[in-house]
Structures are given as structure tokens and as C-alpha cells.
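Structure first, then comments.
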Amino acid sequence: MTAKVEFHFDPMCPFAYQTSMWIRDVRSQLGITIDWRFFSLEEINRADGKKHPWERDWSYGWSLMRIGALLRRTDMSLLDRWYEVTGSELHAFGGKPHDPAVARRLLSEIGADDQTLDAALADPTTHDEVRAEHQRVVDAGGYGVPTLFIDGQCLFGPVLVDPPTGPDAVKLWNVVTGMVELPHVYELQRPKSSADAELIAQSLRPYLDGRDWVSINRGQVVDVDHLAGRKVAHGDG
């Protein structure tokens, strides 16, 4: 079993962010390598007739991932730090990293030139990188994030809140890598009680406060608006 995981994320996804906190803890204990990759919820949930995210001047998660792609060309550790601060801004603090002004500030926080944003948007090949990594997940049968590739196996999840740390983080890692070793085990899901739904809704509160879109949940594990008790008309997110 290789000690490397390719972790596909969309910075707008609260569940990918929770899982990223867990995998970072695993890395700190076991020394695994995380290769951060992209996936677009905007594209996978795009309604017929709507523009693709790469056809828009600014497109929330897609445009942010173009920034991340440019950072990664210099050093994966830059993308690592960028995702950590960008995810925290939205999912922990209820901020708006998808606002270009906030995105520039976050670049400065990791020591990157805030003009990275302009450079990423001016470079059409950043579209190509995000699109290729998104398509890799789709071609493997994936539909959302977090999606992990470990030893060539594609796994959706683990989907969690209150990410485990310490020995429990490693225990979950062993479960995940154990599933990789059994390629014909396709799905294991824990039903959600009303108490579980309340816990998830509480953990999503910063994200719900910070986002400027409504969620579309095609094939997703959790409908975040339903859990939060919100009745909304689905948009193109």
C-alpha cells in the first residue's frame, strides 16, 4: 500500500473541507503524501442551458481552483496552504473566499503575490488543468467530493463532520485503505438519525452563512439546505 493519496476537492464543498482536516492529521502522524487535485461541483451540477464555469468571467469555486492550479505549478505546498486558509475562511469563519477581494487577501496570508489571481485568470491553461482533473473523477464514475485515489482505486468520501484526530484519525485511515484492498466493496453508508442531522446542520452553519449560492444535490450524500431547515429554489450554484 503506497503512502500517497490524491485528494480531489472543490473549495466550496464543506464536506471536502472536513475530510481535508482529517487527512492532514493522518499526514502529520504517518507521513503520507497528499497530492491535491480538483473537481467542480458547479460543472457536475450544471443545469442544461447554463454556462459552463469556464465560460464565465468569475465562477466561484472554478475560478478559485484556477488560482490553486497556478500555485501548484510552483509548489504543491503552496496549494496545500492555500486550500487550508481558503477552506477555513468559508467553512470555519463564514467568510467569502469566492469574493475576489477576499481571495487576494488570502493569497497574501500564505505569502503569495496577490496578483496570482490575475495571472491565473489570464492563463487559459489553468482552465485545462481543472477540467482535466474534474474529468478524471467523472471517468472513474465519481460525482462529488471528497474523492480520493489511492493505489489507482477511486473512493468517494469519507464524508464526515467533527473530523477525528490522533489515534482515531489513523483508525479511519486504516478503514479507508482497507476498502482499497477490497475493490468489489462498493458502498457502506451510515443512516442519519435526527440527532445526526442536527449535528451536521450545526457544523455547516459557517458555510451556509458565507455562501452566495444555493446547493444542488444530484447524487450527493447530504442535502445541506434540508438539514439546515431551509426551503430554497435550486440555482446553478
Validation row: M179, V175 side chains within 4.5 angstrom (heavy atoms)
no
Side chains of D123 and T126, donor plus acceptor under 3.5 Å
no
Determine, for D212 against K96, whether the closest basic-nitrogen to carboxylate-oxygen distance falls under 4.0 angstrom.
yes
Should L182 and L172 be counted in the same cluster of Ile, Leu, Val, Met, Phe, Trp and Tyr side chains packed under 4.5 Å apart?
yes
Electrostatic pair R104:D99 at N-O distance under 4.0 angstrom
no
Checking the side chain of R56 only, and the main-chain atoms of S63 only, is there a donor and an acceptor separated by less than 3.5 Å?
no
Is there a side chain to side chain donor-acceptor pair (under 3.5 Å) between R73 and T125 once you walk through the steps?
CA-CA 12 Å; R73 293 178 189 178; T125 65; 2.8 Å; yes
Candidate pair R81 and Y83, rule side-chain contact (heavy atoms from CB on, under 4.5 Å), full reasoning:
CA-CA 6 Å; R81 300 203 312 270; Y83 180 32; over 6 Å; no
With side chains defined as the heavy atoms from C-beta onward, is the minimum distance between V5 and T33 less than 4.5 Å?
no
Between atom CG of L204 and atom CZ of R211, what is the distance when rounded to the nearest 0.5 Å?
9.0 Å
Any donor-acceptor N/O pair, W22 side chain to A169 backbone, under 3.5 Å:
yes
Between R136 and E133 (salt bridge meaning N to carboxylate O under 4.0 Å), is one present in this structure?
no
Which residues satisfy the ring-ring contact (aromatic ring centres under 6.0 Å, His included) test with H134, sequence neighbours excluded?
F39
CZ (R131) and CD (Q135) are apart, to the nearest 0.5 Å, by 10.0 Å
Under 4.5 Å between side-chain heavy atoms, counting indirect links through other Ile/Leu/Val/Met/Phe/Trp/Tyr residues: same cluster for V85 and M21 or not?
yes
Does E89 reach the main-chain N or O of G94 with its side chain, forming a donor-acceptor pair under 3.5 Å?
no
Determine whether M12 and L64 make a side-chain contact, defined as any pair of heavy atoms from C-beta on separated by less than 4.5 Å.
yes
Electrostatic pair K50-D48, nearest N-O below 4.0 angstrom:
no
So does Y17 get a backbone contact from the side chain of S20, meaning a donor-acceptor N/O pair under 3.5 Å?
yes
With rounding to the nearest 0.5 Å, note down the distance linking CG in L71 to CG in L79.
7.0 Å
Check whether any side-chain heavy atom of D10 lies under 4.5 Å from a side-chain heavy atom of F38, and answer yes or no.
no
Main chain of P164, side chain of D25: is a donor-acceptor contact present, judged purely on distance under 3.5 Å?
no
Please check if L70 and V102 belong to a single hydrophobic cluster, counting links between Ile, Leu, Val, Met, Phe, Trp and Tyr side chain heavy atoms closer than 4.5 Å.
no
Determine, step by step, whether D35 and K4 satisfy the salt bridge (Lys or Arg N to Asp or Glu O under 4.0 Å) criterion, reporting the C-alpha distance in whole Å, the side-chain angles of both residues, the deciding distance to 0.1 Å, and the verdict.
CA-CA 7 Å; D35 281 352; K4 181 174 112 172; 3.4 Å; yes
For the pair S193 (side chain) and D196 (backbone), establish whether a donor and an acceptor sit closer than 3.5 Å, ignoring hydrogens and angles.
yes
Non-hydrogen atoms of L160 and Q18 that approach each other most closely:
O-CB, 3.3 Å
Is V180 linked to L188 within one hydrophobic cluster, defined over Ile, Leu, Val, Met, Phe, Trp and Tyr using a side-chain heavy-atom separation of less than 4.5 Å?
no
Below 30° counts as parallel, above 60° as perpendicular, anything between as tilted: where do the rings of W54 and H52 land?
parallel
For H98 versus G210, what's the shortest heavy-atom pair and its separation?
CE1-O, 3.3 Å
Go through the steps for V161 and L199 under the test side-chain contact (heavy atoms from CB on, under 4.5 Å), then give the verdict.
CA-CA 8 Å; V161 297; L199 173 65; 4.0 Å; yes
Nearest heavy-atom neighbours spanning F156 and G144
CE1-C, 3.6 Å
Rounded distance [0.5 Å steps], CG in L148 versus CZ in F7
6.0 Å
Test item: R37 side-chain N/O and E6 main-chain N/O as donor-acceptor pair under 3.5 Å:
no
So R46 and L41, side-chain contact (heavy atoms from CB on, under 4.5 Å) or not? Walk me through it.
CA-CA 8 Å; R46 182 182 62 88; L41 295 176; over 6 Å; no
Which atom of I67 lies closest to which atom of T116, heavy atoms considered
CG2-CG2, 4.3 Å
Co-membership, hydrophobic cluster, residues W173 and V185, 4.5 Å side-chain:
yes
So, does D151 use its side chain to make a donor-acceptor pair with the main chain of Q153 at under 3.5 Å?
no
Counting C-beta onward and ignoring hydrogens, is there a side-chain heavy-atom pair between F93 and P206 closer than 4.5 Å?
no
Whether the side chain of H91 engages the backbone of P11 through a donor-acceptor N/O pair (distance < 3.5 Å, no angle test) should be reported.
yes
With the side chain counted from C-beta on, respond yes when L30 and V170 share a heavy-atom pair under 4.5 Å apart, and no when they do not.
yes
CA sep, side-chain torsions, deciding dist, call: D162, S203, side-chain contact (heavy atoms from CB on, under 4.5 Å)
CA-CA 8 Å; D162 190 19; S203 75; over 6 Å; no
With a 4.0 Å cut-off on N to O distance, would you call R72 and E129 a salt bridge?
yes
I'd like to know if the side chain of E42 and the backbone of W62 have a donor-acceptor N/O pair within less than 3.5 Å.
yes
Minimum heavy-atom separation for P100 and L117, please, with both atom names.
O-CD1, 3.8 Å
For the pair H8 and W36, evaluate side chain to side chain donor-acceptor pair (under 3.5 Å) and give the outcome as yes or no after the intermediate values.
CA-CA 6 Å; H8 287 255; W36 300 104; over 6 Å; no
Would you say F149 and V137 make side-chain contact, with heavy atoms under 4.5 Å?
yes
Does a side-chain heavy-atom distance below 4.5 Å link R190 with V159?
no
Rounded to the nearest 0.5 Å, what separation is found between the OG1 atom of T86 and the CD atom of E109?
9.0 Å
Do you know the tightest heavy-atom contact between S40 and P53?
OG-CG, 4.1 Å
Could you tell me the separation between the CD1 atom of I23 and the OG atom of S28, rounded to the nearest 0.5 Å?
10.5 Å
